[in-house]
Q: 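Structure incoming, see below.
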Amino acid sequence: MTDETTPDAAAPDTIVLVHGLWMTPRSWEGWKERFEQKGFTVLTPAYPGFEIEVEALRENPDVIAKLTVPETVDHLAGVIEALPRPPIIMGHSFGGTLTQLLLARGLGAAAVVMDSAPTEGVRVTPLSQVKSLFPALKNPANRRKAVAFTPEEFHYAFANTLSREDSDAVWEKYAIAAPGEWIWAYGLIANFKPGMQETWVDYAKDRAPLLFIGGEKDHIMPPSVNRSNAKHYAKSPAITEYVEFPGRSHWICAEPGWEEVADHALDWALAHARPVAVGRA
């Protein structure tokens, strides 16, 4: 292949795409196809129990409600550790949090997170984020449930740059419920509870290079959240950068123009990836 992004013998040859809350690996279908056409092996691992289709998860949301972050990180780490060489890891939304936790374990050659949910210690909470998460936070009983967005709530939180008709089509094809416990524990309580929580990372630690991509119009994880998360790594010797795409919502990975975001993410990761020992391949 002659594509300039085609992996060479010393570059990462695999990309691991980590989906976020209210989504499944189906949300990565465009990125998977695009990166495979460039010669990469692309993995889109589901959270434990999320391997079934969207429609089946809607019918039986118990698996969502009972899921924990540690078991999810362990599962994803197992996928990555089984690879012959460190991959590029990309995560969207809470998949961005999970990606940061994976980097903290020393995994990956480089990583990119899009509209990332924050790790512990990021205290920026814009009003649009509060409004987006209110459906889950309005009732304490939701902590033990799987909490879904209505089409109207999804339009505001995820796809506010689309027409309501187009947003509803996205909701119908992709949206599932999210673990209420995650939203309460990591979106509300983690920064006020003493001690290190499950989304804590050592911001000063060395790790693989990391790029934060923010969407200017994102309501649920606005740019200010991602900028703050990136700044927390100031004491790390590792490369940390932030870039913002104008006019993009939380649906940045699939709204019109997503190809530009995907290509930027891949180009950056390849340019900054830690060298791979050819002998491992």
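In this text the structure is predicted, and so the values were computed from the model without any measurement. In what follows, residues are counted from 1 in the order of the sequence shown.
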Q: Using a 4.5 Å cut-off on heavy atoms from C-beta on, say whether the side chain of Val113 contacts that of Leu211.
A: no
Q: Please say which of Lys231, Arg207, His232 ends up in a side-chain hydrogen bond (donor to acceptor under 3.5 Å, both in side chains) with Thr240.
A: Arg207
Q: Below 4.0 angstrom, N of the basic side chain to O of the carboxylate: do Glu216 and Arg248 qualify?
A: no
Q: Would you say Trp171 and Pro151 make side-chain contact, with heavy atoms under 4.5 Å?
A: yes
Q: Determine whether Val18 and Val16 make a side-chain contact, defined as any pair of heavy atoms from C-beta on separated by less than 4.5 Å.
A: yes
Q: What about the rings of Tyr47 and Trp182, do their centers lie closer together than 6.0 Å?
A: yes
Q: Between Arg85 (side chain) and Ala11 (backbone), is there a donor-acceptor pair under 3.5 Å?
A: yes
Q: Between Glu259 and Arg34 (salt bridge meaning N to carboxylate O under 4.0 Å), is one present in this structure?
A: no
Q: Which residue is it: Trp251, Phe154, Phe149, Trp28? I am looking for the one with a ring pair (Phe, Tyr, Trp, His ring centres under 6.0 Å) to Tyr174.
A: Trp251
Q: Counting only heavy atoms not in Glu71, do more than 12 sit closer than 6.0 Å to its CD atom?
A: yes
Q: So for atom CD, which belongs to Glu33, do other residues, nucleotides or ligands contribute more than 12 heavy atoms lying within a distance under 6.0 Å?
A: no
Q: Are Phe94 and His19 an aromatic pair by the rule of ring centers under 6.0 Å?
A: no
Q: State whether a side-chain donor-acceptor pair under 3.5 Å links Gln100 with Asn229.
A: yes
Q: For residues His155 and Arg164, determine if any side-chain heavy atom of one lies less than 4.5 Å from a side-chain heavy atom of the other.
A: yes
Q: Run Tyr156 and His219 through ring-ring contact (aromatic ring centres under 6.0 Å, His included) and show every step you take.
A: CA-CA 7 Å; Tyr156 180 83; His219 280 168; 4.1 Å; yes
Q: May I ask you to say whether Arg26 pairs ionically with Glu53, meaning some side-chain N is under 4.0 Å from a carboxylate O?
A: yes
Q: Indicate, with yes or no, if the rings of Trp268 and His264 have centres closer together than 6.0 Å.
A: no
